[in-house]
Amino acid sequence: MRLTLPAALVLASTVVFPAHADLFSIEAEAQYWNPDGSGSDSLTDMGEEMFPANWDRNGQLRLSASFQHFIPLIPNVRLETQELEFTGSSSGFDGRLDLGHDTFTLFYAPLDNDLTRLHFGVSLKRVRGYLERDIVDGPTTRDDIDADIPMVYLLLETSLPFTGLSVQGSGHFFSFDDNEVQDIEAAIRYRFLDNRMFEGYISAGYRSLNFKIDEGQRLQADYDFRGPFVAVNLRF
């Protein structure tokens with residue numbers, strides 16, 4: 001997996017000294033997602049689909065970190081880095097798709113306590129990937145996918161008192177760009193660690209990620225990824 005700036009910050013956050021909860025907090029997460037991939041793309045000047053309708057199922061890793069502070073008017077920061085690589089085959093060619101991306105989010109947290117969390121803000125997904133085809137008895141072709149996609153961010157979590165369990169939903173919605181992304185997930189979380197220094201959570205849920213790529217005459221695509229995930233969070 002590529003070690004981008006968000007990934008480096010996520011890893012660094014796991015070795016910092018614990019923060020005082022009244023001043024600021026850091027929450028780091030590692031998510032293992034096992035989605036099915038489907039979809040197609042076409043080169044509009046060729047007028048034909050060029051990617052297999054069914055892809056091999058591969059586990060994908062996301063690392064993220066959130067930095068929250070006590071200053072009301074200044075937004076908090078969330079950084080994510082997501083690998084997203086698939087391979088597939090169809091009659092006449094093999095295909096490879098990389099939609100790995102980083103997500104930068106500024107958000108406010110008007111509610112953030114043991115019972116309820118509400119976060120909202122804006123995000124930027126930076127996609128730096130490619131679509132590659134090995135055509136039987138023909139050339140290998142490659143289309144680079146390079147897009148910066150602004151979005152809305154929302155997270156809502158409600159705890160079940162005295163159980164350590166909570167229900168969480170979050171997502172990136174409403175792309176303000178020709179390229180569109182909907183990234184939505186829901187999970188049940190269990191707090192397995194709670195002391196003066198750390199809080200630890202394990203969660204299981206389901207995630208749906210849809211990409212619609214509009215690169216004009218060069219590339220049109222609609223990709224969909226859905227499947228279960230497990231995640232571990234540490235909050236300092």
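If you read the sequence from its start, that first residue is 1, and numbering goes on from there.
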Phe192 atom CZ: more than 12 heavy-atom contacts under 6.0 Å: yes
To the nearest 0.5 Å, how far apart are [atom1] in [X] and [atom2] in [Y]?
| X | Y | atom1 | atom2 | answer |
| --- | --- | --- | --- | --- |
| Arg226 | Ile184 | CZ | CD1 | 8.5 Å |
| Leu124 | Phe104 | CG | CZ | 7.0 Å |
| Glu185 | Ser170 | CD | OG | 4.0 Å |
| Leu99 | Leu131 | CG | CG | 8.5 Å |
| Leu154 | Phe174 | CG | CZ | 9.0 Å |
| Asn76 | His119 | CG | NE2 | 7.0 Å |

Check the hydrophobic clustering (I, L, V, M, F, W, Y; side-chain heavy atoms under 4.5 Å; chains of links allowed) and say if [X] and [Y] are grouped together.
| X | Y | value |
| --- | --- | --- |
| Tyr206 | Val232 | no |
| Phe225 | Met151 | yes |
| Phe107 | Ile149 | no |
| Leu193 | Tyr190 | yes |
| Phe173 | Leu156 | yes |

Minimal non-hydrogen separation, [X] against [Y], with atom names:
| X | Y | answer |
| --- | --- | --- |
| Arg78 | Arg62 | NH2-NH2, 4.0 Å |
| Ala187 | Phe229 | CB-CZ, 3.7 Å |
| Gln60 | Leu84 | OE1-CA, 3.2 Å |
| Leu165 | Ile188 | CD2-CG2, 4.4 Å |
| Asn34 | Gly59 | OD1-N, 3.8 Å |
| Pro161 | Leu115 | CG-CD2, 4.2 Å |

Chi angles and distances behind the side chain to side chain contact (heavy atoms under 4.5 Å, CB included) call for Val181, Leu209: CA-CA 7 Å; Val181 179; Leu209 174 57; 3.7 Å; yes
Pair listing, salt bridge (charged side-chain N to carboxylate O under 4.0 Å, His left out) test, anchored in residues 158-167, at least two apart: none
Centroid-centroid under 6.0 Å between Phe86 and Tyr223 rings: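 They do not qualify: ring centres at least 6.0 Å apart.
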Keeping [X] on the side-chain end and [Y] on the backbone end, is there a donor-acceptor pair under 3.5 Å?
| X | Y | answer |
| --- | --- | --- |
| Gln220 | Asp214 | no |
| Arg128 | Ala147 | yes |
| His69 | Ile74 | yes |

With distance as the sole criterion, is a donor-acceptor pair present between the side chains of [X] and [Y] under 3.5 Å?
| X | Y | result |
| --- | --- | --- |
| Ser166 | Ser159 | no |
| Asn58 | Glu85 | no |
| Ser66 | Glu27 | no |
| Thr81 | Asp102 | yes |

From CA spacing to verdict: side chain to side chain contact (heavy atoms under 4.5 Å, CB included), Asp224, Phe211: CA-CA 6 Å; Asp224 195 65; Phe211 273 95; over 6 Å; no
Residue pair [X] / [Y], side-chain heavy-atom distance below 4.5 Å:
| X | Y | answer |
| --- | --- | --- |
| Gln82 | Trp33 | yes |
| Ser64 | Gln31 | no |
| Leu79 | Phe67 | yes |
| Asp222 | Ile213 | no |

Test log, rule side chain to side chain contact (heavy atoms under 4.5 Å, CB included), inputs Leu111 and Arg117: CA-CA 5 Å; Leu111 294 174; Arg117 290 206 298 165; 5.9 Å; no
Ring geometry between Tyr108 and Phe120 (parallel below 30°, tilted from 30 to 60°, perpendicular above 60°): tilted
Plane angle bin for His172 and Tyr153 - parallel if under 30°, tilted between 30 and 60°, otherwise perpendicular: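 Tilted.
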Carboxylate-amine/guanidinium proximity below 4.0 Å for Asp178 and Lys212: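 Salt bridge flag = no for Lys212 with Asp178.
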NZ/NE/NH1/NH2 to OD/OE distance under 4.0 Å, Asp143 and Arg96: no
Check against salt bridge (Lys or Arg N to Asp or Glu O under 4.0 Å), Asp114 and Arg191: CA-CA 11 Å; Asp114 288 341; Arg191 183 165 59 187; 3.8 Å; yes
Trace of the ring-ring contact (aromatic ring centres under 6.0 Å, His included) decision for Phe24 with Phe70: CA-CA 6 Å; Phe24 64 92; Phe70 67 98; 8.7 Å; no
Derivation of the side chain to side chain contact (heavy atoms under 4.5 Å, CB included) call for Gln168 and Leu155: CA-CA 7 Å; Gln168 183 185 94; Leu155 178 146; 4.0 Å; yes
